[in-house]
**Student:** 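Once you've had a glance at the structure underneath, I'll fire off some questions.
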Amino acid sequence: MVQAEAVDRTEFVGEDFHQDPHKYYERWRQRGPVHRVRFPAGLPAWVVTGYAEARAALADPRLRKDARGMRALFDRKGVPPRWNSGSVSLSIHMLNSDPPDHTRLRKLVNKTFTPRRMTELRPRIEEITTGLLDAMDRHDTVDLLQSYAIPLPVTVICELLGVPFIDREGFQSWTKVLLGAAPSSPEEISAAATSMQGYLESLVADKRAHPGEDLLSALVQVSDDGDQLSAGELVAMAFLLLVAGHETTVNLIGNGTYALLRDRRQFDALRTDPEGIPAAIEEFLRYDGPVGWASLRYTVEPVRIAGREIPADEIVYVALAAANHDPSRYTGADRLDITADAGGHLAFGHGIHFCVGAPLARLEANIAFSALLHRFPDLTLADPEFAPHWQSSFLIRGMNELPVKLRG
């Protein structure tokens, strides 16, 4: 009887989840690595929280990603509008596709998103970083997100894709709505999707007519044995690269800095030994990475994970943050340790959907942390009692502000 009750139990996700998700993970972990959950809006789903199970699930072809299949499943299940009002067209990109479509799309993108192109960005990223730090240096207290963590990756991705920087406020506001980071009605979500799609369609058309040296122009022209991205695929791919290309790095810098500022010993250790920054970045990704849950998956047949059978037509999430805190994988998982081996973390995913922009995010973070700690060695929280307000998104893990004092 007890065993049956444990198997059938549904875990309820409250409104307080985003402020302290690990409170939930710790409780769930006592009952196993796979859980059926229900959200405040009433949407039922399954969440994988164990490290080994999460790593396997991320590479399991039985857990589908196809955007059209997902929308059809939402319609069959009568998913509430809050969860089902985005644009299908924007979602048909390689992150939301299965082989062979994914294989084809990834191959075309890899022809332009090359390691050499990323390496060549270093001088420009360093130049942007210096300019932002110079601007910050005129003040005693700043919001580190607005002054540094946001404009750095936004500027980089705009220049990389060939997106006018002047348009950043528009696409950033639409992004917040579409990722669930800003409280929004179904009508607002639909309006944001329409605005984003219209903007990107115009941008792609302009790149086709007037190609430049940017990545989006290259994507318009790239081909493989005569195969090219269609107009719709280009818009969806531009959406993925634009959004993922700045949101994740923003929160890697923000979350990592906040974690350091709460532990002066580790802050000072990293400041005096900048050679440790690359390893510290991996620990930031593991400890409080920019993506809480991987994007949606779903079943088309029963799938058994860790002894739990997930029926067909079920939504499945992989909780990357929970997996990265699994004590069976990482000793002292709930503590930041910039000297620990964070290898194997799942912050960028795993398998065929491993983040294509991971090298760029690591490069930007390396430059950002190195320059910040060097320029402002006495950086502290503006208010020692500061408690962040976390965005209400299961996908994105990020704060709304991070007020800091630049000098002691």
**Student:** Looking at residues at least two apart in the chain, or sitting in another chain, which of them share a side chain to side chain contact (heavy atoms under 4.5 Å, CB included) with Ala45?
**Tutor:** Val37, Phe39, Ile315, Tyr317
**Student:** Sequence neighbours left out, what passes side chain to side chain contact (heavy atoms under 4.5 Å, CB included) with Ala72? Give chain and number order.
**Tutor:** Arg76
**Student:** So, are Arg271 and Asp268 salt-bridged, with charged N and O less than 4.0 Å apart?
**Tutor:** yes
**Student:** Does a salt bridge link Arg38 with Glu11, judged by any charged N lying under 4.0 Å from a carboxylate O?
**Tutor:** no
**Student:** Do Asp60 and Arg297 sit within salt-bridge range, that is, some charged N less than 4.0 Å from a carboxylate O?
**Tutor:** no
**Student:** Is His22 atom NE2 crowded by more than 12 heavy atoms from other residues, nucleotides or ligands, each under 6.0 Å away?
**Tutor:** yes
**Student:** Side chains of Gln146 and Asp143: is there a donor and an acceptor less than 3.5 Å apart?
**Tutor:** no
**Student:** Checking Arg286 against Tyr330: charged group under 6.0 Å from the ring centre and within 45 degrees of the axis?
**Tutor:** yes
**Student:** Would you indicate whether Glu169, at its atom CD, is surrounded by more than 12 heavy atoms from other residues, nucleotides or ligands within a distance under 6.0 Å?
**Tutor:** no
**Student:** Who passes side chain to side chain contact (heavy atoms under 4.5 Å, CB included) against Thr129, sequence neighbours left out?
**Tutor:** Ile125, Leu133, Tyr148, Leu152, Ile367, Ala371
**Student:** Hydrogens and angles aside, do Lys65 and Ser97 bring a side-chain donor and acceptor to less than 3.5 Å of each other?
**Tutor:** no
**Student:** Could you verify whether a donor N or O on one side chain and an acceptor N or O on the other, from His325 and Asp334, lie under 3.5 Å apart?
**Tutor:** yes
**Student:** Between Arg335 and Asp337, is there a side-chain N and carboxylate O pair less than 4.0 Å apart?
**Tutor:** no
**Student:** Counting neighbours of CD on Glu301 that are heavy atoms of other residues, nucleotides or ligands and sit closer than 6.0 Å, is the number greater than 12?
**Tutor:** yes
**Student:** Determine, step by step, whether Arg104 and Glu233 satisfy the salt bridge (Lys or Arg N to Asp or Glu O under 4.0 Å) criterion, reporting the C-alpha distance in whole Å, the side-chain angles of both residues, the deciding distance to 0.1 Å, and the verdict.
**Tutor:** CA-CA 11 Å; Arg104 168 182 165 267; Glu233 289 170 340; 2.8 Å; yes
**Student:** Taking only residues two or more places apart in sequence or in another chain, which ones pass side chain to side chain contact (heavy atoms under 4.5 Å, CB included) with Pro21?
**Tutor:** Phe17, Tyr25, Arg397
**Student:** When you compare the side chains of Glu201 and Gln197, does any donor N or O come within less than 3.5 Å of an acceptor on the partner?
**Tutor:** yes
**Student:** Residues two or more places apart in sequence or in another chain: which of them pass salt bridge (Lys or Arg N to Asp or Glu O under 4.0 Å) with Arg265?
**Tutor:** none
**Student:** If you measure only the distance, is there a donor-acceptor pair under 3.5 Å linking the side chains of Gln19 and Trp390?
**Tutor:** no
**Student:** Taking salt bridge (Lys or Arg N to Asp or Glu O under 4.0 Å) as the definition, give me every residue that meets it alongside Arg375, ordered by chain and number, with sequence neighbours left out.
**Tutor:** Asp134, Asp137
**Student:** Mind checking whether Phe171 and His246 have ring centres under 6.0 Å apart?
**Tutor:** yes
**Student:** Taking the six-membered ring of Phe74 (Phe, Tyr or Trp), confirm whether the NZ or CZ of Arg71 is under 6.0 Å from its centre and within 45° of its axis.
**Tutor:** no
